[in-house]
2 protein chains.
Amino acid sequence: MKNNAQVSVPVIKRLPRYHRYLEELKNMGVVRISSKELSIRMGLTASQIRQDLNCFGGFGQQGYGYNIEQLYNEIGIILGINKRSKAIMIGAGNLGHAIATHLHFENRGFDLIGIFDNNKNVIGTEIGGKTVLDSAELEEFCKTEKPVVAILCIPAEYAAENADKLVGLGIKGFWNFTQYDLMHRYEGVAVENVHLGDSLMTLCYQINKLPDNNEV
Amino acid sequence: MKNNAQVSVPVIKRLPRYHRYLEELKNMGVVRISSKELSIRMGLTASQIRQDLNCFGGFGQQGYGYNIEQLYNEIGIILGINKRSKAIMIGAGNLGHAIATHLHFENRGFDLIGIFDNNKNVIGTEIGGKTVLDSAELEEFCKTEKPVVAILCIPAEYAAENADKLVGLGIKGFWNFTQYDLMHRYEGVAVENVHLGDSLMTLCYQINKLPDNNEV
DNA sequence: ATGTCTTTGTTAAAAAATTAAACAAGTTTT
DNA sequence: AAAACTTGTTTAATTTTTTAACAAAGACAT
């Protein structure tokens, strides 16, 4: 085991990827794997894998390697995806709709317990078996249900006011799909950004940088 | 100006964010800004801003700072969002539908010229004014239209075969929404991943790490 | 015009993260 | 019982990223 020194962000960001590869191996019926073999498969070094895992404890065995199912479970525990935190979604437009139906929240530590919108045409419709609620009911809902995470799928211009309100209602984390920057805005509130526009621009840069693409 | 040494990925990833903040300032009618003031607004250091920009050239003036409109345009040029690369979307399910309608491709260097699916129920429907085409037509379409980027919104299990095929048809970049890892698979092909599942798990980790959340 | 103030571009230093190497100790295999 | 593996851990080296520092140059005020 390790002392609980702060684990660096890059390490954390790699955990879901380990988890994915281990799941795949598990489903393939593979029982054990060495850091060496996993490193080849994932395109990193055995040293890094061992060092990453060692931030959380010793899950392997000398001469044997790692038991895939065990390591898979351990990483799940580290990530906390066994617990279920309550999540609500704010904004049920195209994007919200897709996120709500596309993701397996239950496998990733969350229960999506409510979807809110303020568009009369959307309120009352069903998304993934859940009825879209009126944003006007948000406050009461939060007081009784006490959700922990809010998924923001609203236009950037409404992000700030909604986020402020939600933090006031006890929200401790945001999955932020808006272009608005929520980081550094609240103390003790987690923010995970999915800036699709930024991502697309990054791709644009890469494309225009490729040697081939030199048609002025 | 700078010699065109390789610019690091973190710098590139920050460019869209600069672009966003400058756009906002521009729309507010602000004409100029210093690295110091921008750093406060964005939550980073003035030093980092100056160094980031200096990778591409000197856009500011001593004693004055940066002209916002000029810097905004320059960053746009660096990112290449003035040109328009042709993009196609593979997979028009919930997620594909949302991405196709939600993003302003034109403002980010792309033209979405085709949407493909192999589901008979989806083929022929309209998404954002575009008719969803049959995947069977993909090859012919690519030969005549020569798209550069493919947006993958298909299940992970079909990612590999589709990507291989698309690279064969001349695709030079992927915007990858599948869980499948495309990195290191092709030479000279750009890959920008949007791993929503990984992102959600990272948030899960953060939430369960928060001091408050200690109910075992 | 002159002097002060600001702020850049750039260089140098510091910090952080990654990679690599090495090895005792325990496991598996032969 | 010996040989071959492979981990957890330490240490060092390398690379990358961030921060600090400052001369030089333009802006601004008087």
Side-chain angles (χ1 to χ4, degrees), chain A residues 1-15 17-18 21-22 25 30-75 78 183-184 202, chain B residues 1-18 21-22 25 30-72 74-75 78 183-184 202:
Chain A
M1 282 290 176
K2 278 265 120 173
N3 53 354
N4 47 358
Q6 192 65 20
V7 180
S8 76
V9 174
V11 173
I12 304 301
K13 295 259 180 207
R14 279 194 291 271
L15 291 180
R17 189 148 175 265
Y18 289 132
Y21 274 81
L22 291 167
L25 288 163
V30 186
V31 174
R32 74 184 226 190
I33 197 166
S34 68
S35 57
K36 178 105 176 274
E37 201 185 327
L38 186 59
S39 74
I40 292 167
R41 195 176 272 271
M42 293 186 66
L44 8 105
T45 68
S47 202
Q48 183 169 43
I49 292 177
R50 292 213 295 277
Q51 209 152 14
D52 279 355
L53 295 178
N54 202 238
C55 293
F56 305 100
F59 307 120
Q61 221 166 22
Q62 289 103 323
Y64 178 89
Y66 300 89
N67 176 285
I68 286 174
E69 182 143 14
Q70 185 206 332
L71 185 54
Y72 174 77
N73 290 333
E74 290 285 1
I75 292 180
I78 293 164
M183 294 117 96
H184 320 119
T202 305
Chain B
M1 282 290 178
K2 277 268 120 172
N3 52 355
N4 47 358
Q6 194 63 21
V7 179
S8 76
V9 174
V11 173
I12 304 303
K13 295 258 179 206
R14 279 193 291 270
L15 291 180
R17 188 147 174 267
Y18 289 132
Y21 275 81
L22 290 166
L25 287 162
V30 186
V31 173
R32 75 184 228 191
I33 196 165
S34 68
S35 57
K36 177 101 177 279
E37 201 185 327
L38 186 58
S39 74
I40 292 167
R41 195 176 273 269
M42 293 186 66
L44 12 102
T45 67
S47 201
Q48 184 168 47
I49 292 177
R50 293 212 295 277
Q51 204 153 17
D52 281 354
L53 295 179
N54 201 237
C55 293
F56 305 99
F59 307 119
Q61 222 166 25
Q62 287 104 323
Y64 178 89
Y66 300 90
N67 177 285
I68 286 175
E69 182 144 15
Q70 184 206 332
L71 185 56
Y72 174 78
E74 290 286 1
I75 292 180
I78 293 165
M183 293 117 96
H184 320 120
T202 305

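Atom set for the values below is all heavy atoms of this structure, side chains included, hydrogens, waters and symmetry mates excluded. Naming: A, B, ... by sequence-line order, numbering from 1 per chain.
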Residue-phosphate contact under 4.0 Å: [X] side-chain N/O, [N] OP1/OP2:
| X | N | answer |
| --- | --- | --- |
| A/Arg14 | C/dA17 | no |
| B/Ser8 | D/dT16 | no |
| A/Gln48 | C/dT19 | yes |
| A/Tyr64 | D/dA4 | no |
| A/Ser35 | D/dT6 | no |
| A/Tyr66 | D/dG8 | yes |
| B/Gln51 | D/dT19 | no |
| B/Arg50 | C/dT8 | yes |
| B/Asn54 | C/dT10 | yes |

From [options], pick the nucleotide closest to the side chain of [X]?
| X | options | value |
| --- | --- | --- |
| A/Ser47 | C/dA20, C/dA22, D/dA24 | C/dA20 |
| A/Gln62 | C/dT8, C/dG26, C/dT28 | C/dG26 |
| B/Ser34 | C/dT7, C/dT27, D/dT17 | C/dT7 |

Handout entry: Rounded distance (Å) that lies between atom C1' of C/dA17 and atom CG of A/Asp52
Key =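 Distance check: A/Asp52 CG to C/dA17 C1' gives 11 Å.
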Practice task
Can you tell me the distance, in whole Å, between the CZ atom of A/Phe56 and the P atom of D/dG8?
Solution key: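 These atoms are roughly 14 Å apart.
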Considering non-hydrogen atoms only, spot the tightest contact between [X] and [Y] and give its length.
| X | Y | result |
| --- | --- | --- |
| B/Ser39 | B/Ala46 | CB-N, 3.3 Å |
| A/Glu37 | A/Ile33 | CB-CG1, 3.8 Å |
| A/Met42 | A/Arg17 | O-NH2, 2.9 Å |

Problem - Partner residues of A/Lys13 under the salt bridge (charged side-chain N to carboxylate O under 4.0 Å, His left out) criterion, sequence neighbours left out - result: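 A/Lys13 satisfies salt bridge (charged side-chain N to carboxylate O under 4.0 Å, His left out) with A/Glu192 only.
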Problem - Qualifying residues under side-chain hydrogen bond (donor to acceptor under 3.5 Å, both in side chains), relative to A/Ser35, sequence neighbours excluded - result: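 So A/Ser35 forms a side-chain hydrogen bond (donor to acceptor under 3.5 Å, both in side chains) with A/Arg50.
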Exercise for the section: Determine the contact category for B/Thr45: base if any of its heavy atoms lies under 4.0 Å from a base atom, sugar-phosphate if only primed atoms, P, OP1 or OP2 are that close, otherwise nothing. Expected result: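 Sugar-phosphate, no base atom in range.
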Practice task
Specify the residue among A/Arg32 and A/Pro10 whose closest nucleotide of DNA chain C lies further upstream toward the 5′ end.
Solution key: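 Mapping each residue to its closest nucleotide by heavy atoms, the 5'-most match is A/Pro10.
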